[in-house]
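Small disclaimer: the values here were computed from a predicted structure and weren't measured. Computed from heavy atoms alone, side chains included, the values below leave out hydrogens, waters and symmetry copies.
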Amino acid sequence: MEKVSRSIFYKERESILFFLGEDKSLERDFNNKLWERPFWGELKNGADDTLRLFNNACYICTHVFYDDYPPNELKEYEKIAIDGHDDPVWINHMFPATMALVVNWLSSEECRKISEGKGRVEAIEELCKRIHVSVEKRREGKEDFHTLIMHGHQLPSGFIKDGCFQRILLTEAIKDPTVPPMDIINSLGYLLEVIKYNPEEWLAAVGPDSYLLKEVPKMHFDTEGNLRNMSELLNEKYKDDKCTQRFSSSIYKDNGSGFEIKKGDIIIAEDRKVDVIKILHAMCKIGLFQMKDGRKVSHKTLMGIFGEMLNEDFSQYSSNLSDSKLNTKEETFLKVFDDLRIEASKYYKKS
């Protein structure tokens, strides 16, 4: 499956009650065992983290039903389970716990019935084997994983049939005003794939009279010009929507000099990528950013946003930081912060 943003592929469940209904014995038993784990009981935001774990596991399972060959996507599923955290102790427990729930769901009899219809029973079995191997390689968290693997349960027939592992329809994704337009841009390959095999979805999403219906399936979104075209198409569809204004400004804007600044025109200076990562990491640590609703911004989210702005891949930011720390002296590692302090001092002293 083509790359797709989470917001237009998976429906976030806002309450843990969705997962812990009266007919969901597996999920309720899993939740009880989860809270019995010493690490989980010590979490400051245990309730929120539990909901996030269930959502992440459900998001992974949804991918499993649509990815071309799920076993090959294990690394991507691991990233979802780690959820942008860089605390190794937290990761060593959250990752196995999330993957245990994934295995529980994918190993269920009800899930197997659905998988047979999609022709991927063997692929799911192979994925579960690889998950076991991956967890066994970790120093911590193996006990969490094995304790949380449930036996003797079957998912109620309504759990999957009610759409638990179903992707969001384009109708819902395109019309949802909370979906950032850049998420649509980042998922254009996926959209074209869906349009190709499910044209009726696209018709329902944009309406029969929109020229979006005719133009988007013809486009190949691999050039700045086509991004510009997509901006115009979205403006036609969302002309009264504030999201579109943000989208248009993120693609190109006039800086007052008579030249258009497009996404990708500003990049990181040569050999300074790790310095930028250091600064962003420090800014996140001291709380310079937060979500609109007041929640803390994760390092993964922050790196993703700035990486998109600067046309850089920051997905390995944690490894980049660790390598820099291990391979340089302290004064070299901190030089970029010293340079910032010098410039700040000059500005402060400037009359």
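Atoms CG and CD1, from L310 and I266 in turn, are 8.0 Å apart once rounded to the nearest 0.5 Å. Rounding to the nearest 0.5 angstrom, the gap separating the NZ atom in K142 from the NE2 atom in H93 is 12.5 Å. The CE atom of M309 lies 10.5 Å from the CD1 atom of I268; values are rounded to the nearest 0.5 Å. Expressed to the nearest 0.5 Å, how far CG of L148 lies from CG of N104 amounts to 8.0 Å. One finds the CD atom of E78 at 11.0 Å from the OG1 atom of T98 (value rounded to the nearest 0.5 Å). Here the straight-line distance linking atom CD of Q290 with atom SG of C284 works out to 11.5 Å at 0.5 Å rounding.
Taking each heavy atom of A123 and P71 in turn, the nearest pair found is O-CG, 3.3 Å. Scanning both residues, I168 and A173, for their nearest heavy atoms gives CG2-N, 3.8 Å. When all heavy atoms are compared, the tightest approach of R120 to F65 is NH1-C, 3.8 Å. Closest approach of L280 to F314, counting heavy atoms only: CD1-CE1, 3.9 Å.
A 4.5 Å side-chain heavy-atom check between S345 and Y347 finds every atom pair outside the cut-off. The closest side-chain heavy-atom distance from L53 to L101 is below 4.5 Å. The closest side-chain heavy-atom distance from H299 to Y317 is below 4.5 Å. Side-chain atoms of E76 and I80, non-hydrogen and from C-beta on, never get closer than 4.5 Å to each other. Annotation: side chain of H63 is not in contact with side chain of E73 (no heavy-atom distance under 4.5 Å).
Between W35 and W40, the ring-plane angle classifies as perpendicular under the 30° and 60° cut-offs. Between Y59 and Y10, the ring planes are tilted. Angles from 30° to 60° get that label.
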Subject >> Check against side-chain contact (heavy atoms from CB on, under 4.5 Å), F18 and E12 >> reply: CA-CA 10 Å; F18 172 86; E12 299 288 337; over 6 Å; no
Subject >> side-chain contact (heavy atoms from CB on, under 4.5 Å) evaluation trace for E312 with F306 >> reply: CA-CA 8 Å; E312 270 289 354; F306 275 91; over 6 Å; no
Subject >> Residue pair K335, D339: steps toward the salt bridge (charged side-chain N to carboxylate O under 4.0 Å, His left out) verdict >> reply: CA-CA 6 Å; K335 184 178 184 304; D339 292 342; 3.0 Å; yes
Original post:
Given S298 and T301, is the side chain to side chain donor-acceptor pair (under 3.5 Å) satisfied, shown in steps?
Top reply: CA-CA 5 Å; S298 71; T301 298; 2.9 Å; yes
**OP:** Would you check, one step at a time, whether the test side-chain contact (heavy atoms from CB on, under 4.5 Å) holds for F19 with N55?
**Re:** CA-CA 9 Å; F19 297 105; N55 266 311; 3.8 Å; yes
Original post:
Could you walk me through whether Y77 and D67 pass the side chain to side chain donor-acceptor pair (under 3.5 Å) check?
Top reply: CA-CA 11 Å; Y77 302 156; D67 285 336; 2.7 Å; yes
**OP:** Could you go through the side-chain contact (heavy atoms from CB on, under 4.5 Å) check for S134 and F95 one step at a time?
**Re:** CA-CA 10 Å; S134 177; F95 169 78; 3.7 Å; yes
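Crowding of E14 atom CD: a count of heavy atoms from other residues, nucleotides or ligands under 6.0 Å not exceeding 12. Within 6.0 Å of CD in E136 there are more than 12 heavy atoms belonging to other residues, nucleotides or ligands. Summarising the local packing, NZ of K33 is surrounded by 12 or fewer heavy atoms from other residues, nucleotides or ligands at distances under 6.0 Å.
Under the 3.5 Å distance criterion, with hydrogens and angles disregarded, a donor-acceptor pair is assigned to the side chains of R6 and N56. Residues S7 and D183 bring a donor and an acceptor atom of their side chains to less than 3.5 Å of each other. Side-chain contact of Q166 with T62: a donor-acceptor pair under 3.5 Å is absent, judged by distance alone.
No chain of hydrophobic side-chain contacts below 4.5 Å, direct or via other Ile, Leu, Val, Met, Phe, Trp or Tyr residues, connects M1 to L169. Taken together through direct or relayed side-chain contacts under 4.5 Å among Ile, Leu, Val, Met, Phe, Trp and Tyr, I60 and M150 form part of one hydrophobic cluster. Cluster annotation: I286 and V297 are assigned to the same hydrophobic cluster (Ile/Leu/Val/Met/Phe/Trp/Tyr, side-chain heavy-atom contacts under 4.5 Å, transitive). L74 and I124 fall within the same hydrophobic cluster, where Ile, Leu, Val, Met, Phe, Trp and Tyr residues are linked whenever their side-chain heavy atoms come under 4.5 Å apart, directly or through other members. Cluster annotation: I16 and L34 are assigned to the same hydrophobic cluster (Ile/Leu/Val/Met/Phe/Trp/Tyr, side-chain heavy-atom contacts under 4.5 Å, transitive).
In this structure, the side chain of N320 does not engage the main chain of V274 through any donor-acceptor pair within 3.5 Å. One N or O on the side chain of S108 and one on the backbone of C111 form a donor-acceptor pair closer than 3.5 Å. Listed for the R13 side chain is a donor-acceptor partner under 3.5 Å among the backbone atoms of K11. Under a 3.5 Å cut-off, the side chain of T147 and the backbone N or O of E143 do form a donor-acceptor pair. Of the possible polar contacts, none joining the N31 side chain to the E27 backbone as a donor-acceptor pair under 3.5 Å is found.
The existence of a salt bridge linking E125 and K129 is excluded, since no basic side-chain nitrogen approaches an acidic carboxylate oxygen closer than 4.0 Å. Under the 4.0 Å criterion applied to side-chain N and carboxylate O atoms, R341 and D338 are not assigned as salt-bridge partners. Salt-bridge formation is not detected for the pair D83/K300: no Lys NZ or Arg NE/NH1/NH2 atom is positioned less than 4.0 Å from an Asp or Glu carboxylate oxygen. Classification of E330 and K325 as a salt-bridged pair fails, no side-chain N sitting under 4.0 Å from a carboxylate O.
In this structure, K278 satisfies the cation-pi test against F333, with its NZ or CZ atom closer than 6.0 Å to the six-membered ring centre and inside 45 degrees of the ring normal.
Taking the six-membered ring for Trp, F9 and Y66 have ring centres closer than 6.0 Å. Two rings, from F30 and F54, have their centers less than 6.0 Å apart.
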